[in-house]
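This report concerns only the one structure given below.
For clarity, every value in this text was computed on a predicted model and none was experimentally measured. Remember, it's 1-based here, ligands and their atoms both numbered in the order they're listed. Reckoned from all heavy atoms, side chains included, excluding hydrogens, waters and symmetry mates. Sequential numbering from 1 along the given sequence is applied to the chain's residues.
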Amino acid sequence: MPPAALITGITGQDGAYLAEFLLSRGYEVHGMVRRASTENFERIGHLTSEITLHQADLLDQLSIITLVRDIRPREIYNLAAQSFVPTSWLQPLLTGEFTALGVTRMLEAVRLVDPKIRFYQASSSEMFGDVREEPQTEKTPFWPRSPYGVAKVYGHWITVNYRESYDIFACSGILFNHESPRRGKEFVTRKVTDSVARIKLGVQDKLYLGNLEAMRDWGFSGDYVRAMWMMLQQDRPDDYVVATGIKHSVRDLVELAFRHVDLDWQDHVEVDPKLFRPAEVNTLRGDANKAREVLGWVPSVSFAELVQMMVDADLDRVQHEIDDQKRAAAFNPPAPSPSES
Ligand code: NAP
Ligand code: GDD
């Protein structure tokens with residue numbers, strides 16, 4: 001029998017890459033999705049015949065217990081969360097419910113149904129916030145700077161606590177920013193690459209951004225989901241930083257993305273003070289030596305390759321959108337005005 005895995009947040013960026021990865025390893029893949037009035041399967045549409053989707057919600061304990069009891073997975077990957085930092089100031093309580101208490105609900109289901117299930121928690125470099133040292137390791141103290149970061153600190157420690165209290169095989173992956181053509185358009189990398197494509201193809205003029213000096217350690221999501229799986233294949237559970245070890249500013253990102261299409265970013269980018277955050281994480285850079293030494297994990301995509309991959313994918317997608325619009329206009333020409341008829 002192939003091993004079964006349950007992914008929460010399967011409709012998100014990482015969920016889609018992880019589902020593909022686990023399928024390639026022969027897993028029976030189950031995904032938890034929350035009920036919506038319209039389906040939101042854009043990232044996993046190509047996988048729906050190979051995976052099984054189940055409705056449940058991080059807010060609803062009974063739905064999670066029932067789901068885990070029905071599937072009895074070998075591994076659970078808890079990727080679901082309210083993951084956009086600015087929204088966490090607008091919806092701090094909901095962020096706490098999803099991103100913090102949601103983790104306990106998942107762990108309670110593991111404890112009650114089968115404490116032998118292996119559990120992965122999607123922790124975040126956002127927990128380091130106002131960084132105490134550089135680079136950040138598994139031992140660096142946390143100083144979160146957003147309600148999202150605070151909620152992730154809770155999720156991290158409750159995972160450690162269930163490991164220590166109940167001997168559950170629970171791992172926390174402290175992942176630094178990771179991106180891809182599947183990244184949500186509100187995050188800065190995708191906002192930039194989508195805008196670069198639109199500007200290059202003549203359907204947008206300006207790109208408004210916030211803090212250009214913020215620095216992040218950006219990697220490729222496809223590499224990072226491999227690290228999640230590796231953590232659950234070890235003899236004992238532990239926590240790992242996953243990062244490239246190299247940081248760049250938002251300004252570097254913008255320069256590189258515009259240069260890739262032979263444009264000068266200064267002609268198109270404007271800073272909008274409304275996009276600055278109430279408290280900023282100025283800089284993040286991870287030390288993934290433990291993941292390299294214990295898991296054998298190394299990233300395969302550089303920052304420059306990542307930005308090029310995302311710009312190229314957006315150029316392709318925006319060009320298709322423009323072509324579709326032209327075709328639709330040709331099939332449905334505007335009705336003639338009364339003076340023309
Ligand atoms: P994402 O694209 O925003 O996906 C989030 C997923 O969570 C979506 O599938 C979403 O479902 C689901 N979700 C949200 N609330 C839910 C609820 N109440 N019940 C069930 N599902 C719910 O995030 P991502 O970039 O893939 O990141 C995956 C995880 O890693 C998140 O926990 C994030 O905080 C964490 N993380 C991400 C990064 C990064 O750089 N990407 C770094 C460190 C940690 P809908 O489609 O229905 O909205
Ligand atoms: N989103 C956004 N939009 N960010 C901007 C903009 C803008 O217009 N202009 C500048 N930035 C800066 C932000 O202030 C921040 O310092 C940086 O770009 C990165 O922002 P995001 O891409 O929104 O990511 P994040 O670092 O806040 O959070 C992401 O990474 C975390 C891991 O460190 C998310 O994926 C989190 O879920 C994840 O935990």
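The Glu126 neighbourhood of ligand 2 comprises atoms 33 (O), with distances under 4.0 Å to a heavy atom of that residue. Residue-ligand proximity, Leu284 to ligand 2, at heavy-atom distances under 4.0 Å covers atoms 33 (O). Close approach of ligand 2 to Ser125 is summarised as follows: ligand atoms under 4.0 Å from at least one heavy atom of the residue are 32 (C), 33 (O). Those atoms of ligand 2 that come under 4.0 Å of a heavy atom in Val250, given as number and element, are 12 (C), 18 (O). The contact set between ligand 2 and Val85, taken as ligand atoms under 4.0 Å from a residue heavy atom, comprises 27 (O), 28 (O). For ligand 2, the atoms closer than 4.0 angstrom to any heavy atom of Ala214 are 16 (O). Listed by number with element, the atoms of ligand 2 under 4.0 Å from a non-hydrogen atom of Ser83 are 34 (C), 36 (C), 37 (O). Of all the atoms in ligand 2, the ones that sit under 4.0 Å from a non-hydrogen atom of Gly210 are 6 (C), 8 (O), 9 (N), 10 (C). Taking every non-hydrogen atom of Asn177 and a distance limit under 4.0 Å, the qualifying atoms of ligand 1 come out as 40 (O).
Comparing Glu42, Arg34, Gln55 by heavy-atom distance to atom 47 (O) of ligand 1, the nearest is Arg34. Nearest-residue assignment for atom 3 (O) of ligand 1 (options Gly184, Ser221, Ser83; heavy-atom criterion): Ser83. The closest non-hydrogen atom to atom 31 (C) of ligand 1, taken over Asp217, Leu79, Asp60, Thr11, comes from Leu79. Which of Thr95, Leu175, Ile10, Leu94 comes nearest to atom 43 (C) of ligand 1 through a heavy atom is settled by distance: it is Leu175. Of the candidates Lys191, Arg277, Glu186, Arg183, it is Arg277 that places a heavy atom closest to atom 23 (O) of ligand 2.
Not a single heavy atom of Ala36 lies less than 4.0 angstrom from ligand 1. Look at Arg182 and you'll find every heavy atom at least 4.0 Å from all atoms of ligand 1. The closest approach between a heavy atom of Thr8 and any atom of ligand 1 is not below 4.0 Å. At a 4.0 Å cut-off, at least one heavy atom of Tyr148 sits close enough to ligand 2 to count as contact. At least one heavy atom of Met32 sits under 4.0 Å from some atom of ligand 1. Ligand 1 does not have Tyr224 within reach: every non-hydrogen atom of the residue lies 4.0 Å or more from it. Residue contact check for ligand 1: Lys152 places a non-hydrogen atom closer than 4.0 Å to it.
A side-chain donor-acceptor contact under 3.5 Å links Asp217 to the backbone of Thr244. Side-chain N or O atoms of His268 include one that pairs as donor or acceptor with a backbone N or O of Asp205 at under 3.5 Å. Without hydrogens or angle criteria, Arg34 side chain to Asp57 main chain gives no donor-acceptor distance under 3.5 Å. Within the 3.5 Å criterion, the main-chain N or O of Leu93 finds no donor-acceptor partner in the side chain of Glu97.
Counting protein heavy atoms only, atom 15 (C) of ligand 2 is closest to Arg216 NH2, 3.4 Å. Closest to atom 19 (C) of ligand 2 among all protein heavy atoms lies Val188 CG1, 3.8 Å. When hydrogens are left out, the protein atom nearest atom 14 (O) of ligand 2 is Glu280 OE2, 2.6 Å; that is the closest non-hydrogen contact. Atom 31 (C) of ligand 2 has Ser124 OG, 3.8 Å as its closest protein atom, hydrogens excluded (heavy atom only). Looking only at protein heavy atoms, the nearest one to atom 24 (O) of ligand 2 is Asn177 ND2, 3.6 Å.
With Phe303 as reference, Trp218 is the one residue of Phe220, Phe176, Trp218 to meet the ring pair (Phe, Tyr, Trp, His ring centres under 6.0 Å) rule.
Considering every non-hydrogen atom in both Pro2 and Glu28, the closest pair reads CB-N, 4.3 Å.
We find the CG-CZ distance between Asp114 and Arg72 to be 5.0 Å, quoted to the nearest 0.5 Å.
Side-chain contact between Leu6 and Leu67: present, with at least one pair of heavy atoms (C-beta onward) separated by less than 4.5 Å. Using a 4.5 Å cut-off on side-chain heavy atoms (C-beta onward), Thr99 and Tyr148 make contact. Contact check for Arg277 versus Pro86: side-chain heavy atoms found under the 4.5 Å cut-off. Using a 4.5 Å heavy-atom threshold, the side chains of Trp143 and Arg132 count as touching.
A cation-pi contact, defined as under 6.0 Å to the ring centre and within 45° of the axis, is absent between Arg259 and Trp265.
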Take Ser172 and Ser123 through the test side chain to side chain donor-acceptor pair (under 3.5 Å) and record every step on the way to the result.
CA-CA 6 Å; Ser172 170; Ser123 288; 2.7 Å; yes
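We find that Asp272 and Lys274 are joined by a salt bridge, their nearest charged nitrogen and carboxylate oxygen being less than 4.0 Å apart.
Between Phe84 and ligand 2, no N or O atom pair is found at a separation short of 3.5 Å.
Taking the six-membered ring where the residue is Trp, the centroids of Trp297 and Tyr224 are separated by under 6.0 Å.
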